[in-house]
Amino acid sequence: MAAQGTPPDAAQTTGDQARTELNRRVFRASHSRIPEIVEPARKIRRHGPDILRTTELGCSNARLEASDNRIKVTIRMAYGFHHVNNPIALVMLRCGGLDIRPPQPRTQPTKTAEASYVLDISAQRGRCNRSITV
């Protein structure tokens, strides 16, 4: 609570507004005669403190959903592994926070890499019928 003479905290004001608005809407929905509106009002009243806590903290479950999706995709990718330790290790590798990056290309390509790139391009266009070594 804010002391006398000091403005209230912005989060506290937002929390009070959310509590007032939630109570108002739940009250109106619970006094409705439509069963499809009364039932969700009961559920919202039951989970009211959790809803208010979420609005006060400004959190969402987006991170949890993202990590859950990443684990599911990894398990799907690991289908057919012979031992259960291998998919677990793969999940730990992908979700463990270890930053493994592939080697970066050089700033100036070497002459061999440049020549092979030119050969690849010309071979794709059908201009090269024989193999050329550099």
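We number each residue from 1, following the sequence as shown.
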Problem - side-chain contact (heavy atoms from CB on, under 4.5 Å) evaluation trace for D50 with R53 - result: CA-CA 5 Å; D50 296 331; R53 194 174 312 117; 2.8 Å; yes

Exercise for the section: Step through the shown structure and confirm whether more than 12 heavy atoms of other residues, nucleotides or ligands are within 6.0 Å of CZ on R63. Expected result: no

Problem - Lys/Arg N to Asp/Glu carboxylate O, R42 vs E39, below 4.0 Å - result: yes

Problem - Step-by-step side-chain contact (heavy atoms from CB on, under 4.5 Å) determination, R24 to E21 - result: CA-CA 5 Å; R24 186 178 68 81; E21 187 66 26; 2.6 Å; yes

Handout entry: Hphob cluster co-occupancy, L90 + I71, side-chain heavy atoms under 4.5 angstrom
Key = no

Exercise for the section: Mark yes or no for whether N23, through its side chain, and R19, through its backbone, hold a donor-acceptor pair below 3.5 Å. Expected result: yes

Exercise for the section: Looking only at non-hydrogen atoms, find the nearest pair between T55 and A18 and report the distance. Expected result: OG1-CB, 3.9 Å

Practice task
Decide yes or no on side-chain contact (heavy atoms from CB on, under 4.5 Å) for R94 and V73, but give the supporting numbers first.
Solution key: CA-CA 10 Å; R94 290 195 69 201; V73 167; 4.2 Å; yes

Practice task
Can you measure from OG1 (T74) to CD1 (I88) and round to the nearest 0.5 angstrom?
Solution key: 12.5 Å

Problem - Linked, directly or transitively: F81 and M77 (ILVMFWY side chains, under 4.5 Å) - result: yes

Handout entry: For V26 against R45, the heavy-atom pair lying closest together
Key = CG1-NH2, 3.4 Å

Practice task
Indicate the atoms forming the closest heavy-atom contact of V38 with A29, along with that distance.
Solution key: CG2-O, 3.7 Å

